[in-house]
Amino acid sequence: ARKEFAEKLQLPYTTLRNYETNQREPGHKTLINMASILGVTVDDLVGYHAKKGSASQYSCEALQLAQDYEVLDTHGKKMVRMVTDEEKARCIALKVKREHARSQTEESPEFGEERTLHYFPMYNSPMSAGTGLMAGQEFPETTPLVKKPPEGASYIAPVSGDSMEPTYEDGDLLFIRATPQIEVGQVGVFLMDGQQWVKELGDGVLISHNEEYAPIPMTEDIICQGLVLGVCDESYF
């Protein structure tokens, strides 16, 4: 039955097994397909049950946008995702700027002098420099930096894996500029097949800097989410 279900979802059998054992989490498209095949709602599938009489967690406009999104073709969905990612990062950065005026002056307990702290959005969920990580829906936390971030940086996110060594090490925190397009030869953050990658953009492939990893062919659903600007090392904290 599991194999038949995997075939209906057009997923490898091992992927479905990983979902069941919590080694991976299905993306929203997969959840919608599962719910459709099983004849239930996505809320039923994930075990969410709103209290009777409670308001929906989504506005009518948000629900309408979701319905409109499903009518779009692959290109249309890609364009919507690109704009959404860029605007989400812009709004997060704007919120941080408004709440903290982007920087505040505090007295250093160590030296008894004033220092400027730059409050910046940082994600805790890692991006993959290896075999791929499922893209989450996490919201960033605000973290103080003692040095000004690189010009144009939108947020900070950790990298997981060794495929980008020696350029970027496993566990490095990276400054990312949200952008839907980068140049060939630049290192960026990509969303592809529901997974998030940190790779160099090649000609039709995503390239690892670790020679032990082969280039990954780019699929039609690939979306560029940002440009890697550098490492947020200990000197920023």
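Keep in mind that the numbers below use all heavy atoms, side chains included, and drop hydrogens, waters and symmetry copies.
Remark: D170 engages no residue in a side chain to side chain donor-acceptor pair (under 3.5 Å) (not counting sequence neighbours). In this view, Y236 and F175 satisfy the ring pair (Phe, Tyr, Trp, His ring centres under 6.0 Å) rule, not counting sequence neighbours. Remark: I207 pairs with E200, V205 by the side-chain contact (heavy atoms from CB on, under 4.5 Å) rule, at least two apart or across chains. Every residue two or more places apart in sequence or in another chain was checked for a side chain to side chain donor-acceptor pair (under 3.5 Å) with S36, and none qualifies. Partners of T219 under the side chain to side chain donor-acceptor pair (under 3.5 Å) rule, at least two apart in sequence or in another chain, are D221. Applying the side-chain contact (heavy atoms from CB on, under 4.5 Å) test to E7 and every residue at least two apart in sequence or in another chain returns K3. Scored by the salt bridge (Lys or Arg N to Asp or Glu O under 4.0 Å) test, K148 finds no partners at all (sequence neighbours excluded). For the side chain to side chain donor-acceptor pair (under 3.5 Å) test, no residue two or more places apart in sequence or in another chain qualifies with D203. For I222, the side-chain contact (heavy atoms from CB on, under 4.5 Å) partners two or more places apart in sequence, or in a different chain, are K78, F190, M192, L206, M218.
Applying the salt bridge (Lys or Arg N to Asp or Glu O under 4.0 Å) test to pairs two or more places apart or on separate chains, none has a residue in residues 227-237.
Residues P215 and P217 share a closest heavy-atom pair of O-CD, 3.7 Å. Across A178 and Y155, no two heavy atoms sit closer than the pair CB-CE2, 4.4 Å. The nearest pair of heavy atoms linking S163 to S208 is O-CB, 3.2 Å. Shown here for P121 and S154, the closest heavy-atom pair between the two residues is CG-O, 3.2 Å. When all heavy atoms of I37 and K8 are compared, the pair lying nearest together is CD1-CB, 3.7 Å. Here the closest non-hydrogen pair linking Y119 and P144 is CE2-CB, 3.8 Å.
In the hydrophobic cluster analysis, where Ile, Leu, Val, Met, Phe, Trp and Tyr join through side-chain heavy atoms closer than 4.5 angstrom, V71 is grouped apart from Y69.
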- Query: Going through the distances and angles, do L201 and C224 end up as a side chain to side chain contact (heavy atoms under 4.5 Å, CB included)?
  - Reply: CA-CA 9 Å; L201 179 62; C224 176; over 6 Å; no

- Message: Working note: Y213 + M164, criterion side chain to side chain contact (heavy atoms under 4.5 Å, CB included); need CA distance, chi angles, decisive distance, verdict.
- Response: CA-CA 9 Å; Y213 290 81; M164 290 304 291; over 6 Å; no

- Task: For the pair L174 and V231, evaluate side chain to side chain contact (heavy atoms under 4.5 Å, CB included) and give the outcome as yes or no after the intermediate values.
- Result: CA-CA 5 Å; L174 304 182; V231 176; 4.0 Å; yes

- side chain to side chain contact (heavy atoms under 4.5 Å, CB included) evaluation trace for L145 with F237: CA-CA 5 Å; L145 305 178; F237 297 96; 3.7 Å; yes

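Partner of K199 under the side-chain contact (heavy atoms from CB on, under 4.5 Å) criterion, out of I216, V228, V187: I216 alone.
Although no hydrogens or angles enter the test, the distance criterion places a donor-acceptor pair under 3.5 Å between the side chain of N210 and the main chain of D162.
One finds the CD atom of Q196 at 11.0 Å from the CD1 atom of I223 (value rounded to the nearest 0.5 Å). Between atom CD1 of residue I176 and atom CD1 of residue I156 there is a gap of 9.5 Å, rounded to the nearest 0.5 Å.
In this structure, K147 places its NZ atom where more than 12 heavy-atom neighbours from other residues, nucleotides or ligands lie under 6.0 Å away. Other residues, nucleotides and ligands contribute only 12 or fewer heavy atoms inside 6.0 Å of the CD atom of Q181.
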